[in-house]
Amino acid sequence: MEMIDTLNPKQREAVLHTEGPLLILAGAGSGKTRVLTHRVACLIEERGVNPWNILAITFTNKAAGEMRERVDRLVKAGAGSVWVSTFHSLCVRILRRFIEYLGYENNFTIYDADDQKMLMKQVIKNLNLDPKQYRERSMMSIISKAKNELIGTEEFRKNSQGDWNLRKAADVYEAYQGELKKNNALDFDDLIFKTVDLFRVNGEVLDYYQERFRYIMVDEYQDTNTAQFELIALLARKYGNLCVVGDDDQSIYKFRGADIGNILNFEETFPGTKVIKLEQNYRSTAHILDAANAVICNNRGRKQKTLWTANEEGPLVMFRQYGQAFEEAEGVIQDILAQGRSYRDFAVLYRTNAQSRLMEEKCISYNIPYRLVGGVNFYQRKEIKDILCYLKTIANGRDDLAVQRIINVPKRGIGTSSIGKIVAWAGEQGLSFYQSCVQAASIPGMGKAAGKIQGFVSQIEDFARRNQAWELGMQEDEAFKTNGRYGLPGLIRDIVEETGYGKELEAEGEEEAKARLENIDELINKAASYCTDSENPNLNGFLEEVSLVADVDRMDDSEDRVTLMTLHSAKGLEFPVVYLSGMEDGLFPSSMSIMSEDPTDIEEERRLCYVGITRARERLTMTAAQMRMTKGETHYSKVSRFVEEIPQELVDLIRPGVRANAYASQTAKYTEKQFGTPKQFKPAAGGGTPGFGREFTIKKAAALEYGAGDRVRHGRFGEGTVQSVVDGARDFEVAVEFDRYGVKKMFASVAKLEKL
DNA sequence: CGTGGCATAGTTTTT
DNA sequence: CTATGCCACG
């Protein structure tokens with residue numbers, strides 16, 4: 001396994017430790033994906049593990065895709081059998097096979113946040129609760145929290161004794177689950193919850209998957225919630241080969257139920273755990289990393305570790321404060337233009353999606369191509385949801401929500417009163433909404449609307465017939481697969497045309513309608529590529545794939561564009577040049593976290609800041625505005641406390657009325673007096689080696705003039721004693737105990753140590 | 001039954 | 001400020 005030579009000792013250790021529980025604490029940019037992929041390779045090629053028995057879990061499809069690709073490249077045979085998947089798609093696959101044990105049908109549909117909201121609204125209405133007092137939002141978050149904690153309806157009710165409000169919430173929870181079940185639907189949290197449920201209820205199914213997944217790896221472990229933890233723990237219980245990779249400093253999803261305790265207590269939970277820390281960062285310049293460390297070390301309750309790098313110092317971190325928020329946006333955009341590098345090298349990050357607007361406007365006015373991640377998800381757009389609801393109705397008439405959404409879109413003259421009658425009839429007869437539609441003629445008092453409803457039903461039936469013909473035909477005939485005759489794209493086109501949906505949009509004639517039609521075209525393209533890429537394309541498979549995509553997943557980096565996104569979306573990504581905008585107290589950290597009684601709320605924000613800083617490879621600029629409009633009011637804010645936490649000497653700062661560190665213009669240079677020998681910072685050429693962090697050119701010396709025990713001097717860390725010298729493949733790796741900075745490891749050629 | 005106008009609430013972050 | 005939702009009128 002020659003590729004092992006390219007790993008550093010710690011990485012190598014992590015790769016070779018294949019048996020038993022393993023916790024890899026991987027700092028930002030320390031090459032964890034590399035370790036994971038090599039570990040898979042090691043399992044298969046060195047340990048003789050059947051690829052079929054390996055499971056790698058990630059949080060996003062994008063991460064899963066990247067890992068899949070790299071495993072395929074690394075492993076010659078059998079890589080395809082390794083199961084690389086997100087938590088959610090793993091669970092969907094399991095549930096599609098075995099959910100009948102829980103009383104659902106295996107063609108269940110998956111509800112997204114919008115669907116949940118609609119359903120919740122109905123539930124609150126049905127229970128005759130005051131919608132002012134019981135908001136969908138807060139009810140949903142209570143239920144979501146419960147599910148993430150694996151608290152089912154009965155247990156929730158038990159816990160709610162004594163608290164009137166909680167008892168009401170228990171009613172809502174129960175009714176909500178009842179509706180979901182009636183619709184044969186699961187929400188996102190259910191996917192995990194029900195899978196754990198399944199494993200607990202049915203020992204055979206659990207055993208089957210325990211046998212199947214003898215080696216389990218989990219990425220971004222710090223962001224797992226209780227349900228996910230339990231899922232993994234159950235699966236790993238039999239063989240105990242569980243390897244988790246994470247960084248407690250990058251835990252940023254507490255609001256979604258992520259429990260940082262899962263990583264902090266891993267060693268206690270899994271006795272005999274081997275812990276390996278990856279502390280060498282290959283991504284960022286020393287200045288960027290120092291800034292990140294300076295910020296994060298203000299947090300308590302973290303695993304002690306210090307990220308270090310052998311990379312160049314790089315330019316100072318820049319901080320710019322502007323007057324108005326639009327001036328901030330303007331400043332960022334002009335800075336981007338002034339650097340004259342590829343647009344794809346830049347990312348502008350912010351705390352809240354609302355901030356994207358100003359940046360977008362400036363990009364448009366300066367004609368800068370940009371890619372917006374997040375905000376309104378493609379699949380949440382009205383027209384896309386409409387079409388998808390047609391498809392859902394065709395696939396599974398039991399999804400009442402979907403049917404109700406489209407029954408009068410486009411206008412068929414079926415109004416709220418008719419729909420009310422259908423719902424009532426369905427309730428009386430114990431039918432689904434759609435079944436009730438089928439019987440429209442027998443519903444009392446329906447009148448003229450009955451014919452219209454029947455028209456709708458026969459249209460759906462017609463589509464369903466065509467789809468069935470395609471799905472059956474496809475299995476016998478390869479040509480069907482590639483949309484040669486009909487297929488999914490054809491079905492969507494027919495829906496748009498035959499229902500009059502397209503006509504209705506065209507009739508509007510507005511700019512917006514045109515954009516909608518284009519979006520539908522994009523959906524058709526998506527369907528076409530699904531049909532070609534998928535082994536066994538079918539309608540349900542398509543709906544499933546579509547319901548599990550996040551926005552980052554769709555981020556294609558082939559085009560040369562500036563990336564705009566939230567700090568949360570940026571996790572796991574890296575860019576040569578990063579802007580952290582809106583560095584204002586009250587915005588980042590958010591006022592919620594500042595007001596909060598719980599001091600760990602601020603710590604979560606700080607971790608978010610740490611994530612943001614460590615996305616940058618070469619150049620980091622933080623910006624803030626003194627004034628910003630929110631809810632129609634101008635707010636004045638102070639500079640974010642996180643900025644203040646960065647030592648002054650690391651920052652090139654400009655703010656109205658204040659100057660420090662002799663402003664050094666766009667191409668930062670840095671002051672000799674502070675850092676000793678100035679180094680020429682040369683940004684590596686854009687689009688370098690894909691995937692793994694940038695490394696600056698290293699020339700290995702033939703031999704070193706110093707050895708263990710010698711006193712040496714370093715440009716930045718001062719004097720120290722050499723602890724060890726390891727002759728690595730590419731360079732000597734030297735560990736030095738500095739008098740003032742503690743132990744640091746570094747590459748000899750980069751560190752340029754001077755023997756005393 | 002559909003539309004247009006007005007009132008109100010809302011901002012964290014998302015698989 | 002903006003998006004959504006509700007109500008009243010045609």
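As the structure is a computational prediction, the values presented were derived from the model and not from experiment. Sequence lines set the chain letters: A, B, ... in the order given, protein chains first and strands last, and positions in each chain run from 1.
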**Message:** Using a heavy-atom cut-off of 4.0 Å across all strands, would you classify A:Lys411 as base, sugar-phosphate, or nothing?
**Reply:** sugar-phosphate
**Request:** Mind checking A:Phe59 for me? I need base, sugar-phosphate or nothing, with any heavy atom below 4.0 Å counting as a touch.
**Result:** sugar-phosphate
**Request:** Could you tell me whether A:Asn61 contacts a base, only the sugar-phosphate backbone, or nothing, with contacts defined as non-hydrogen atoms closer than 4.0 Å?
**Result:** nothing
**Prompt:** Can a salt bridge be assigned to the pair A:Glu645 and A:Arg641 using a cut-off of 4.0 Å between side-chain N and carboxylate O?
**Reply:** no
**Asked** Does B:dT14 have OP1 or OP2 sitting under 4.0 Å from an N or O in the side chain of A:Asn353?
**Response** yes
**Asked** So does A:Lys571 get a side-chain nitrogen or oxygen closer than 4.0 Å to the phosphate oxygens (OP1/OP2) of B:dT14?
**Response** no
**Item:** Donor-acceptor contact below 3.5 Å, side chain A:Ser85 vs main chain A:Leu90
**Value:** yes
**Prompt:** How would you label the contact of A:Lys448 with the nucleic acid (heavy atoms, under 4.0 Å): base, sugar-phosphate, or nothing?
**Reply:** nothing
**Rounded distance in Å - CG (A:Asp114) to P (C:dG5)** = 10 Å
**Item:** Under 5.5 Å and under 30°: A:Tyr253 stacked on B:dT13
**Value:** no
**Message:** Could you check whether any side-chain heavy atom of A:Thr33 comes within less than 4.5 Å of a side-chain heavy atom of A:Glu66, counting everything from C-beta outward?
**Reply:** no
**Request:** Would you indicate what A:Thr86 reaches in the nucleic acid, counting non-hydrogen atoms under 4.0 angstrom: base, sugar-phosphate, or nothing?
**Result:** nothing
**Prompt:** Which pair of heavy atoms, one from A:Leu231 and one from A:Phe199, lies closest together, and at what distance?
**Reply:** CD1-CE1, 3.7 Å
**Complete:** Between CG of A:Asp190 and C1' of B:dT15 the distance, given in whole Å, is 14 Å
**Request:** Select from A:Ser590 and A:Asn408 the residue whose nearest nucleotide in DNA chain B is closer to the 5' end of that strand.
**Result:** A:Asn408
**Request:** Select base, sugar-phosphate, or nothing to describe what A:Arg135 touches, counting heavy atoms under 4.0 Å on all strands.
**Result:** sugar-phosphate
**Atom-to-atom span, OH of A:Tyr111 to P of B:dT15 - whole angstrom** = 21 Å
**Request:** Classify the nucleic acid contact of A:Ser418 as base, sugar-phosphate or nothing, counting any heavy atom under 4.0 Å across all strands shown.
**Result:** sugar-phosphate
**Request:** Test ring-ring contact (aromatic ring centres under 6.0 Å, His included) on A:Tyr501 and A:Tyr390 and set out the steps.
**Result:** CA-CA 11 Å; A:Tyr501 192 94; A:Tyr390 268 99; 7.1 Å; no
**Prompt:** Who pairs with A:Tyr370 by side chain to side chain donor-acceptor pair (under 3.5 Å), at least two apart in sequence or on another chain?
**Reply:** A:Glu360
**Request:** Look at the side-chain N and O atoms of A:Ser569 and state whether any lies under 4.0 Å from the OP1 or OP2 oxygen of B:dT14.
**Result:** yes
**For atom NZ of A:Lys254 and atom C1' of B:dT12, their distance in whole Å** = 13 Å
**Prompt:** Think A:Thr566 has a side-chain N or O under 4.0 angstrom from the OP1 or OP2 of B:dT14?
**Reply:** yes
**Fill in**
Per atom distances to the A:Met592 side chain, the nearest of B:dT12, C:dC6, B:dT13 is B:dT12
**Prompt:** What is the distance, rounded to the nearest whole Å, between atom CD1 of A:Ile414 and atom C1' of B:dG2?
**Reply:** 14 Å
**Request:** For A:Arg357, answer base if it contacts any base atom (sugar-phosphate contacts may also be present), sugar-phosphate if it contacts only those atoms, and nothing otherwise; contact means non-hydrogen atoms under 4.0 Å.
**Result:** sugar-phosphate
**Request:** Rounded to the nearest angstrom, tell me the gap between atom CZ in A:Arg412 and atom P in B:dC1.
**Result:** 14 Å
**Request:** Nearest whole angstrom, please: distance from the C1' of B:dT14 to the CD1 of A:Ile110.
**Result:** 16 Å
**Nucleotide B:dT13, atom P - distance to CD1 of A:Ile594 in whole Å** = 16 Å
**Message:** Go nucleotide by nucleotide along DNA chain B from the 5' end; which of A:Ala449 and A:Glu605 gets its closest nucleotide reached first?
**Reply:** A:Ala449
**A:Phe87-A:Phe59 aromatic ring centre distance below 6.0 Å** = yes
**Asked** With a 3.5 Å cut-off and just heavy-atom distances, do the side chain of A:His568 and the base of B:dT14 make a donor-acceptor pair?
**Response** no
**Prompt:** Among B:dT15, B:dT14, B:dT12, which is the nearest nucleotide to the side chain of A:Phe255?
**Reply:** B:dT14
**Prompt:** Of the nucleotides C:dG5, C:dC1, B:dT13, which has the atom closest to the A:Met629 side chain?
**Reply:** C:dC1
**Asked** Which part of the nucleic acid does A:Ser417 contact within heavy-atom distance under 4.0 Å: base, sugar-phosphate only, or nothing?
**Response** sugar-phosphate
